[in-house]
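Below is one structure; the comments refer to it alone.
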Amino acid sequence: MMSHPLLETIDSPADLRRLERKQLPQLAGELREFLIESVSQTGGHLSSNLGTVELTIALHAVFDTPADRLVWDVGHQCYPHKILTGRRQGMDKLRMRHGIAGFPKRCESEYDTFGVGHSSTSISAALGMAHAARLKGEARKVVAIIGDGAMSAGMAFEAMNNAGVGETDMLVILNDNEMSISPPVGALNNILTRLTSSKTYNAAREAGRHMLGFAPPLLELARRAEEHVKGMIAPGTLFEEFGFHYYGPIDGHDLDALIPTLENLKQLKGPKFLHVITKKGQGYKLAESDPILYHGVGKFSADQGIASGKGGGKLTYTQVFGDWLCDMARADSRLVAITPAMREGSGMVRFASEFADRYHDVGIAEQHAVTFAAGLACEGLKPVVAIYSTFLQRAYDQLIHDVALQNLPVVFAVDRGGLVGADGPTHHGTFDLSFAACIPNLVVMTPADEAECRRLLSTAFAHDGPSLVRYPRGSGTGTLPSSELDTLPLGKGEIRRRGQGVALLAFGSLVAAAEAAGEVLDATVANMRFVKPLDIELIVELAGNHSLLVSIEENAVIGGAGSEIERVLAERGLNVAVLRLGLPDRFIDHGEQGQLLAELGLDKDGIVRSVRERLANQSPDRTAQ
Ligand SMILES: Cc1ncc(C[n+]2csc(CCOP(=O)(O)OP(=O)(O)O)c2C)c(N)n1
Ligand SMILES: CC(=O)[C@@H](O)[C@H](O)COP(=O)(O)O
Ligand SMILES: [Mg+2]
């Protein structure tokens, strides 16, 4: 690591506030350099953090943090904030087991005012904090910092709608870098582009400094500034119509514009909206020219950049889905595909270019994505919603009310099911089997490997009703899918191995670990494939000739597939011992996927251990069969 003499003197924002204004550009330079070095060694979110260096310095310089509240949206741009709030040295374990989290986390620091990872919560949370401050008679300031992508979500507008009618003091900063993970979409993006590309923007960049940049007489100046900016940029922006006082756009990399503007805004009352223009990847040429590639990175060489694909890597489930989507689209013209702003992560880049008119990126709008799919299905199309498990949580009512209740044939390709690793508890997809299994009409499938994933996607597509195929982040056993679009029988599992006494009933990502454990235990191993409809015939058969049934799933053990198996057995009066293995009733921290599974006893050794312990404690009348 290079030395960062000024940055190394900053252990808290109070240290930063002691610096002279003229030292801040040097601090920004060192902070940016430190970010590139440290993220290249740990992996993490890079482009967004490079874009918020100056904004973060300005916020901590102007506001009295932690008494004043900074509320970051999504939180993937919070590394400069972490570094300046006493966690610089923790950056070498960023997102690693027992290291600091990749997102703001209340239990990690008093400066992390709101836990986050999902987008578009900041304005609501900040409004709540601002109301609380008013009710408690506390003079603190509250600032929400939200990106242009996150701003497109319904939740952000629900909060604006609520905040704009009152006089509650709060500042919303729109960090507009004209990017979501992929290029931004939608009408809001067009509005922002008009605001920032108008002829007056360059003038406004200068004017922003002059109008809000010098203090006395502050209120008079600010009032004039407000009117002036409003009139100069646009006669009435969308945000003003919501009841916010709109300022900007200003250059979010210019500390001389940011600091005086924030100082003045800090003293104005009511809901305020500051539009800041930044560049994703700022200051690191490679990330500036490919902010998508550098949005979320693994380890890489800071000098050389991310090595271009060498090929030969294991096929991921995401790629299996992406290939299937293109093949199925070619075979069936009714297929349309929808992503809520996750084109790259969901494996849809090729589909988007080959089937542009059947591809819909709806922005960060999971609820809309699902109901939009329902509408398409009503008219005879076959929508495929590609969505991360954790983000589907946002659209639970839409899944039930708009899709399942009307028995509409929408396919949910649910990626990142189970533990996702470094993103941690905000992003683990560990509840979907529980929340999907209880929905009538919905078929719920868990492929055991990549080849089966493709076949279950085809099965889902052929099914005349709602269906969900849930697969994990990364690769599985490496079983290569065929190029066919063949299907599997609905609600039928398979026996992978016949053994004695114990039957392991495994779902999806844990079938391979169950098979390995089955070898050690000489147990029967079933690949259950379907959480709904469960293969009841298979369960009854296994209950008849084994003394212990063990359900194994990468999902909350409460309400998951194992619970369903127990329910089926109880309903039929089958008295066989059941051990349910799955995720415990607590949130699982960040860490490497395999390591987390091992710690939770969901790898081969853990399964063997749990089964042996259970057999050792099992009463003799239940082990007699
Ligand atoms: C509810 C939800 N949906 C999707 C995501 C995935 N996601 C994380 S960052 C991001 C883009 C956010 O864009 P923006 O707010 O403009 O921030 P930027 O990446 O440009 O810094 C998306 C889609 C998420 N975190 N939460
Ligand atoms: C912040 C966010 O929500 C995304 O950037 C997420 O971290 C992507 O996860 P994957 O790396 O699994 O695509
Ligand atoms: Mg953005």
Side-chain angles (χ1 to χ4, degrees), residues 43-53 55-56 72-80 95 101-104 116-123 144-156 173-186 188-189 192-193 196 252 275-282 287 291-298 316-318 339-348 361-370 386-396 415-429 471-474 590 593:
H45 290 97
L46 186 60
S47 307
S48 301
N49 284 294
L50 291 171
T52 52
V53 166
L55 180 59
T56 308
W72 298 97
D73 206 281
V74 184
H76 64 313
Q77 75 297 57
C78 75
Y79 302 175
R95 301 177 3 128
F103 300 112
V116 68
H118 289 200
S119 91
S120 317
T121 60
S122 63
I123 306 177
I145 307 105
I146 184 166
D148 52 321
M151 191 70 219
S152 71
M155 230 193 128
I173 298 183
L174 175 64
N175 171 27
D176 182 1
N177 55 19
E178 288 187 78
M179 283 297 281
S180 187
I181 293 180
S182 29
V185 294
L188 176 68
N189 169 53
L192 296 178
T193 306
T196 54
H275 189 173
V276 164
I277 307 300
T278 61
K279 190 169 180 55
K280 221 167 156 167
Q282 170 80 9
I292 298 178
L293 182 64
Y294 286 85
H295 173 84
V297 297
T316 62
Y317 279 98
T318 304
T339 172
M342 297 303 282
R343 182 184 67 185
E344 284 73 18
S346 297
M348 298 170 83
D361 177 350
V362 297
I364 306 181
E366 288 79 8
Q367 300 176 325
H368 162 66
V370 173
I387 190 161
Y388 285 19
S389 169
T390 190
F391 302 142
L392 180 57
Q393 292 165 189
R394 278 275 165 103
Y396 193 48
D415 203 329
R416 274 48 168 195
L419 298 167
V420 296
D423 273 343
T426 55
H427 282 61
H428 293 321
Y471 42 91
R473 188 177 198 274
H590 53 270
Q593 278 168 304

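Whatever order the structure lists them in is the order used to number ligands and atoms, beginning at 1. Side chains included, hydrogens not; waters and symmetry mates left out as well; all remaining heavy atoms used. For this chain, numbers begin at 1 and follow the sequence in order.
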>> Is the ring pair Phe103/His45 parallel, tilted or perpendicular, if the boundaries are 30 and 60 degrees?
In response: tilted
>> Keeping Glu366 on the side-chain end and Gln393 on the backbone end, is there a donor-acceptor pair under 3.5 Å?
In response: no
> Is there a side chain to side chain contact (heavy atoms under 4.5 Å, CB included) between Met151 and Asp176 once you walk through the steps?
Replying inline: CA-CA 9 Å; Met151 191 70 219; Asp176 182 1; over 6 Å; no
> Counting each atom of ligand 2 from 1 as listed, which ones have a heavy atom of Phe391 under 4.0 Å away?
Replying inline: 3 (O)
> Tell me: protein heavy atom nearest atom 13 (O) of ligand 2, and distance?
Replying inline: Tyr388 OH, 2.6 Å
>> Looking at Asp415 and Arg473, is any side-chain nitrogen of the basic one under 4.0 Å from a carboxylate oxygen of the acidic one?
In response: no
>> Below 3.5 Å, N or O to N or O, backbone or side chain included: is there any such pair between His76 and ligand 2?
In response: no
>> Among all protein heavy atoms in this structure, tell me which lies nearest to atom 2 (C) of ligand 2, with the distance rounded to 0.1 Å.
In response: His427 NE2, 3.4 Å
>> For Glu344, which part has a heavy atom under 4.0 Å from ligand 2: side chain, backbone, both, or neither?
In response: neither
>> Only heavy atoms of Asp423, strictly under 4.0 Å: list the atoms of ligand 2 that pass.
In response: 6 (C), 7 (O), 8 (C), 9 (O)
> At their closest point, which heavy atom of Asp361 faces which heavy atom of Pro340, and how far apart are they?
Replying inline: OD1-C, 4.3 Å
> Minimum heavy-atom separation for Arg416 to Gly345, with atom names?
Replying inline: NH1-O, 2.9 Å
> Considering the options Asn177, Asp148, Thr52, Asn175, which one meets the side chain to side chain donor-acceptor pair (under 3.5 Å) requirement together with Thr278?
Replying inline: Asn175
> Does ligand 2 have an atom under 4.0 Å from some heavy atom of Val420?
Replying inline: no
> If you take all heavy atoms of Ile173 and Val276, which pair is closest and at what distance?
Replying inline: CG2-CG2, 3.8 Å
>> Which of the numbered atoms in ligand 2 are under 4.0 angstrom from any heavy atom belonging to Arg473?
In response: 10 (P), 11 (O), 12 (O)
> Nearest protein heavy atom to atom 4 (C) of ligand 2, by residue and atom, and its distance?
Replying inline: His45 NE2, 3.7 Å
>> Quick one: does any side-chain atom of Gln593 pair with a main-chain N or O of Leu419 as donor and acceptor, under 3.5 Å?
In response: yes
> Which one of Gln77, Arg95, Arg416 has a non-hydrogen atom at the shortest distance from atom 10 (P) of ligand 2?
Replying inline: Arg416
> Taking side chain as C-beta onward, heavy atoms only, is Met179 less than 4.5 Å from His295?
Replying inline: no
>> If we set the cut-off at 4.0 Å for heavy atoms, which region of His118 has an atom near ligand 2: side chain, backbone, both, or neither?
In response: neither
>> For the OG atom of Ser47 and the CD1 atom of Ile292, what is their distance to the nearest 0.5 Å?
In response: 9.0 Å
>> Given 3.5 Å as the limit, does a donor-acceptor pair link the side chain of Lys280 with the main chain of Ser180, or not?
In response: yes
>> Here's a test for you: under side chain to side chain contact (heavy atoms under 4.5 Å, CB included), which of Leu55, Asn49, Thr56 qualifies with Gln77?
In response: Asn49
Which N/O atoms of ligand 1 sit under 3.5 Å from a protein N/O, and at what distances?
from, atom 1, to, atom 2, distance (Å)
ligand 1, 3 (N), Glu366, OE2, 2.7
ligand 1, 15 (O), Ala150, N, 2.9
ligand 1, 16 (O), Asp148, N, 3.3
ligand 1, 16 (O), Asp148, OD1, 2.8
ligand 1, 16 (O), Gly149, N, 2.7
ligand 1, 16 (O), Met179, O, 2.9
ligand 1, 19 (O), Ser48, OG, 3.1
ligand 1, 19 (O), His76, NE2, 2.8
ligand 1, 19 (O), Lys280, NZ, 2.7
ligand 1, 20 (O), Asn177, OD1, 3.0
ligand 1, 20 (O), Asn177, ND2, 2.8
ligand 1, 20 (O), Met179, O, 2.9
ligand 1, 21 (O), Ser48, OG, 2.8
ligand 1, 21 (O), His76, NE2, 3.4
ligand 1, 21 (O), Asn177, ND2, 3.4
ligand 1, 25 (N), Gly117, O, 2.9
ligand 1, 26 (N), Ser119, N, 2.9

> In the protein, how many N/O/S atoms are under 2.8 Å from the Mg ion (ligand 3)?
Replying inline: 3
>> Tell me if a side-chain donor or acceptor on Asp73 pairs with a main-chain N or O of Ser120 at a distance below 3.5 Å.
In response: yes
>> Rounded at 0.5 Å granularity, tell me how far NE2 in His428 sits from OG in Ser389.
In response: 11.5 Å
